[in-house]
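A quick write-up on the structure given underneath.
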Amino acid sequence: MAEKLVCRDCQCAEGELHEIFCTKELCPFCYGQLASCSCIHTVLELTPEETKVVDEYVDDFKEPLKSIVARWKAALETKGRIRFGEDLRILKITG
Ligand SMILES: [Zn+2]
Ligand SMILES: [Zn+2]
């Protein structure tokens, strides 16, 4: 029996979505690591004040960071988040 792949970081199974911002999740905009790419800046067209808030990333349970992260999550959902398993295929394609 083939063993099902499980994400080593967030424990999701193949074909499922990672925990949001799992270090293994790929960004659907740049195919880079979602947790560290800078698409949040370009996709959300952050103002200089918002950029500062995101760079400092103090506490995403508090405003103003909370609503910026909520906008980012909505943008990711709209674009279509990359499931575990799909990311492996994409990485093979893009090298
Ligand atoms: Zn994961
Ligand atoms: Zn990105």
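Hydrogens, waters and symmetry mates are skipped; everything else that's a heavy atom, side chains included, is used. In listed order, ligands and their atoms are each counted from 1.
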(message) Tell me if a side-chain donor or acceptor on D87 pairs with a main-chain N or O of G85 at a distance below 3.5 Å.
(response)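 Yes, the answer is positive, given that a donor and an acceptor are paired below the 3.5 Å cut-off.
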
(request) Take the Zn ion (ligand 2) as the vertex and measure to SG of C39 and SG of C27; round to 10°. (result)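 Result: 110°, to 10°.
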
(message) Any N/O/S atom from C12 (main chain or side chain) under 2.8 Å of the Zn ion (ligand 1)?
(response)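 Short answer: no, not a single N, O or S atom is under the cut-off.
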
(message) Could you measure the distance from the CD1 atom of I40 to the CH2 atom of W72? Nearest 0.5 Å is fine.
(response)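 So the CD1 of I40 and the CH2 of W72 are separated by 6.0 Å.
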
(request) Working to the nearest 0.5 Å, report the span between OG1 of T47 and CD1 of I68. (result)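 Going from the OG1 atom of T47 to the CD1 atom of I68 covers 7.0 Å.
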
(request) Determine whether more than 12 heavy atoms belonging to other residues, nucleotides or ligands lie under 6.0 Å from atom OH of Y31. (result)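 No - once you tally the heavy atoms of other residues, nucleotides and ligands closer than 6.0 Å, there are 12 at most.
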
(request) To the nearest 10 degrees, could you say what angle the Zn ion (ligand 1) makes with ND1 of H18 and SG of C10? (result)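 With the Zn ion (ligand 1) as the vertex, ND1 (H18) and SG (C10) sit 110° apart.
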
(message) Rounded to the nearest 10°, what angle sits at the Zn ion (ligand 1) between SG of C7 and SG of C22?
(response)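 Output for this angle: 110°, rounded to tens.
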
